[in-house]
Protein chains: 2
Amino acid sequence: MLATETVENYLKAIYLVQREAAAGEAPMGKIAAALGVTAGTATSMVKKLVAARLARHERFGGVRLTAKGTRAALDILRRHRLVETFLVDTLGLDWSVVHDEAERLEHAISPMVLDALDRHLGRPAFDPHGDPIPRADGALQESEAMPMSELGAGDGARLVRVLDQRGDSLRFLRASGLKVGATLRVVAIEPGAGVMRIRPDGGTVVSMSTTAASRVLVRPLRGRS
Amino acid sequence: MLATETVENYLKAIYLVQREAAAGEAPMGKIAAALGVTAGTATSMVKKLVAARLARHERFGGVRLTAKGTRAALDILRRHRLVETFLVDTLGLDWSVVHDEAERLEHAISPMVLDALDRHLGRPAFDPHGDPIPRADGALQESEAMPMSELGAGDGARLVRVLDQRGDSLRFLRASGLKVGATLRVVAIEPGAGVMRIRPDGGTVVSMSTTAASRVLVRPLRGRS
DNA sequence: TACTAAAGTTTGATTACTCAAACTCATGGT
DNA sequence: ACCATGAGTTTGAGTAATCAAACTTTAGTA
Ligand SMILES: [Mn+2]
Ligand SMILES: [Mn+2]
Ligand SMILES: [Mn+2]
Ligand SMILES: [Mn+2]
């Protein structure tokens, strides 16, 4: 742990914002919002990251992690996702609560504990939300998937990942039978209302906004209905 | 977590020093030493604990936890010892390394995770070192035991607890076959050299200083050799 | 092109924790 | 009774992280 807990949180936040952003650069405001701090605070912390060669940044521009910063971010992400997997698989907690728990635990896991955890869990490749777990060497393979919102009426698909970490979203999905690995079918789409109707295999039809559906990633099934 | 991580560390340290001390009061210097800070730092932190009604203290006197402070300390101790138990029983780490790991993890464990951990471990009463684990309601029952240094030559006993958390002490004990639950016999005592010779059941004789032996707690066996 | 709104930065202050060093108190040995 | 020594306290300063509010820049819009 060369970095302080705060620095670790900044690195992870910048990494994730950067992945999302078009230009591959993280806007300062997004970083601040992700961390729940003011823009001024984020600006001064980023200066420290730049001084530590973890990020690059020029005045009024975006923030970009260096190779060193990216490596550190992936290491934190690995700890976060392995902890989430442990909390669900070993301790039996619900997938809607583990994100916040992991947000604190990720900073207290030493390399030794991390490796023991990884072995205990059988070296998993994905966390409970379908997020890929970076390997110890920093390798990260994103799974091939498309937003559920891009499916057409009648299409079948397998749910492979949920990007939204908000507890109520995850509780809604679980209650609907929409968990990672489940297969489902699009019953109908109402573009005017911005709503799609989904039927999970062996469940009842549920309505979701296309916005919410765009944060659920699926892999289409070859079989047509 | 009403308290900060630092405050949690102070509460636990004061609790343990207080248990050790004769007068039931923790001297400021011992607290500082236990936490690795200067006496001045400890003095000012104790002022904060007093302001928060977690401890009582008068100038140049000892420190004593209030009921509220004791309750908080026991809660932290519970987290610490359950985490140690998890690291040994579930992850298979050696008992000589888990103390330091738990020192950090104890602050990141929420009540929900703690309870899930407790259930997963089968609600253990003792940690890997034989230290009693406080119950969720704060109840703590010390086990009946005496220092191994008080045994006489020829006495048999069962090892029930190791007070010393130092890594090399624990590694020595494990390498000698002296683990919690093991039975042993005192082969000889050399008061002049301050050394006792111990034979663990099914092991070979080892020599230990009486000082080291006084930190190993045992329960005598009724059978004589 | 000129102006304004949004985004980002700077400044000055605050809280939490820490140390070094100067200082004060308690006490036990002569 | 004295007072040296060790234990404890206070003071002044520094680091890390944060906010509010004043300020600057950028990038549209008009
Ligand atoms: Mn975090
Ligand atoms: Mn996740
Ligand atoms: Mn601790
Ligand atoms: Mn222990």
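The sequence lines fix the lettering, A, B, ..., with proteins before strands; numbering per chain opens at 1.
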Query raised in the report: Can you check the Lys30(B) NZ to dG8(D) C1' distance for me, whole Å?
Result: 14 Å
Query raised in the report: For Arg71(A), does the CZ atom sit with more than 12 other heavy atoms under 6.0 Å from it, leaving out its own atoms?
Result: yes
Requested in this report: In plain terms, say whether Glu106(B) and Lys12(B) are close enough for a salt bridge, that is, a side-chain N and a carboxylate O under 4.0 Å apart.
Outcome: yes
Requested in this report: Starting from the C-alpha separation in whole Å, work towards a yes-or-no answer on side chain to side chain contact (heavy atoms under 4.5 Å, CB included) for Val46(A) and Val50(A).
Outcome: CA-CA 6 Å; Val46(A) 164; Val50(A) 169; 4.2 Å; yes
Query raised in the report: What is the nucleic acid contact for Gly36(B), judged by heavy atoms within less than 4.0 Å: base, sugar-phosphate only, or nothing?
Result: sugar-phosphate
Query raised in the report: Can you tell me if His107(B) and Asn9(B) form a side-chain donor-acceptor pair at under 3.5 Å?
Result: yes
Query raised in the report: In whole Å, what is the span from the CE atom of Met45(A) to the C1' atom of dT15(D)?
Result: 12 Å
Report summary line: chain B vs DNA chain C, heavy-atom contacts under 4.0 Å, first-to-last nucleotide span, 5' to 3', is dA16(C) to dC25(C)
Requested in this report: Name the closest nucleotide to the Phe60(B) side chain, picking from dA17(D), dT18(D), dT9(D).
Outcome: dT9(D)
Query raised in the report: Any ion pair linking Asp168(B) and Arg166(B) (charged N to carboxylate O, less than 4.0 Å)?
Result: yes
Query raised in the report: Step by step, would you call Val37(A) with Tyr10(A) a side chain to side chain contact (heavy atoms under 4.5 Å, CB included)?
Result: CA-CA 11 Å; Val37(A) 298; Tyr10(A) 274 83; 3.7 Å; yes
Query - Pairs meeting criterion salt bridge (Lys or Arg N to Asp or Glu O under 4.0 Å) with involvement of residues 139-153 of chain A, two or more places apart - result: Glu142(A)-Arg161(A)
Requested in this report: Would you please confirm or rule out a distance under 4.0 Å between OP1 or OP2 of dC19(D) and any side-chain N or O of Thr41(A)?
Outcome: yes
**Report entry** Listed nucleotide nearest any side-chain atom of Thr6(A), set dA20(D), dA17(D), dT9(D)
**Finding:** dA17(D)
Query raised in the report: Does OP1 or OP2 of dA16(D) have a side-chain N or O of Tyr10(A) closer than 4.0 Å?
Result: no
Report task. Would you mind classifying the nucleic acid contact of Gly29(B) as base, sugar-phosphate or nothing, using non-hydrogen atoms under 4.0 angstrom? Result -> sugar-phosphate
Query raised in the report: Nearest-Å distance, CG (Leu35(A)) to P (dC19(D))?
Result: 10 Å
**Report entry** Interatomic distance, Glu25(B) CD vs dA7(D) P [rounded to whole Å]
**Finding:** 16 Å
Query raised in the report: Does a nitrogen or oxygen in the side chain of Lys47(B) sit under 4.0 Å from OP1 or OP2 of dT9(D)?
Result: no
